[in-house]
Amino acid sequence: MKGKFITFEGGEGTGKSTQIKLLEKYLQQKDKNVITTKEPGGTDVGAEIRKLLVCGDKDKFDAVAEALLYFADRHIHLTKKVWPALEAGTWVLSDRFADSTFAYQYYGYDKRVSREVLERLYQIAVGDFKPDLTIILDLEPEVGLARSFNKAKSMEVKELRFEGRELAFHQNLRRGFLEIAAAEPQRCVVLDADKTIEALHRDIVKIVNEKFGI
Ligand code: TMP
């Protein structure tokens with residue numbers, strides 16, 4: 001693949017979408033072709049799947065059904081959008097990718113779906129492909145949840161299905177992201193997201209420059 005695939009991960013309200021926009025601008029100034037995208041919902045069909053996943057009652061799916069829907073969205077996203085862009089030499093910045101499934105559906109739910117099942121689904125939907133770089137924004141769940149409830153006040157469709165889960169769920173998934181990063185230090189970087197937007201952007205630019213020699 002000629003382009004680079006950079007994924008942003010973290011719990012609720014960690015500032016991923018703000019940071020993605022800033023990195024997009026930075027890379028464009030460096031004459032890169034860049035697109036930004038997200039999971040779930042990076043394609044038209046994915047947007048339909050997203051509605052099922054992020055709205056409504058928190059107990060409407062179990063963790064297995066959720067994982068299947070996330071991987072369906074991911075497969076469509078990769079084949080229709082991400083892989084063609086990377087082949088064309090475009091840099092792709094994605095707000096969430098497969099680490100979110102391991103963090104939310106495995107660690108968040110206290111391991112109700114086995115790792116083996118998720119790894120099998122990964123093989124089917126994604127194959128051997130992995131991001132070139134994954135930036136994990138780490139934040140106390142209490143701080144992140146307060147930010148995302150605030151943001152939801154101005155949303156037309158309230159995407160609060162996960163925010164409705166108990167604090168322990170969010171603490172588990174934070175631990176999950178940190179374990180994922182520890183297991184794959186060559187791909188993942190954890191950044192403290194409890195700082196100003198500008199300071200966090202500077203940290204991200206430094207990582208991207210170091211990794212890709214821009
Ligand atoms: P977002 O709010 O960051 O756009 O993500 C939508 C929600 O979906 C968020 O609560 C995290 C959750 N999610 C999973 O549970 N598993 C996944 O694989 C992905 C991509 C997101």
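Remember, it's 1-based here, ligands and their atoms both numbered in the order they're listed. Remember, it's a predicted structure, so these values are computed and weren't measured experimentally.
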Test: D99 and R187 ion pair at under 4.0 Å: yes
Within 4.0 Å of some non-hydrogen atom of K16, the atoms of ligand 1 are 3 (O)
> Should the pair R74 and F97 be classed as cation-pi, given the thresholds of under 6.0 Å to the six-membered ring centre and 45° from the axis?
Replying inline: yes
Counting heavy atoms under 4.0 Å, the part of K38 that contacts ligand 1 is neither
Is Y70 reachable from I136 through a run of I, L, V, M, F, W or Y residues, each pair having side-chain heavy atoms under 4.5 Å apart? yes
Is the backbone N or O of V54 less than 3.5 Å from a side-chain atom of R161, with the two atoms forming a donor-acceptor pair by type?
no
min-distance protein heavy atom vs atom 7 (C) of ligand 1 -> V54 CG1, 3.7 Å
Among E39, E9, H77, R96, closest by heavy atom to atom 5 (O) of ligand 1 is R96
Any heavy atom of E12 under 4.0 Å from ligand 1? The part involved is side chain
Review point. What about L23 and V34, same hydrophobic cluster or not, with Ile/Leu/Val/Met/Phe/Trp/Tyr joined at side-chain heavy-atom distances under 4.5 Å?
Key: yes
Checking heavy atoms under 4.0 Å, the part of T101 that sits near ligand 1 is both
**Q.** Ring geometry between Y122 and F102 (parallel below 30°, tilted from 30 to 60°, perpendicular above 60°)
**A.** tilted
* Asked: Same cluster or not: are I135 and F5 linked, directly or through other Ile, Leu, Val, Met, Phe, Trp or Tyr residues, by side-chain heavy atoms under 4.5 angstrom apart?
  -> no
Heavy-atom proximity to atom 4 (O) of ligand 1, picking from H170, R50, R74, K151, points to R50
| message | If I apply the N/O under 3.5 Å rule, does E66 come out as touching ligand 1? | response | no
Nearest non-hydrogen protein atom to atom 16 (N) of ligand 1, with distance, is Q105 OE1, 2.9 Å
| field | ligand 1 to Y70 polar contact by distance, N or O atoms, under 3.5 Å | value | yes
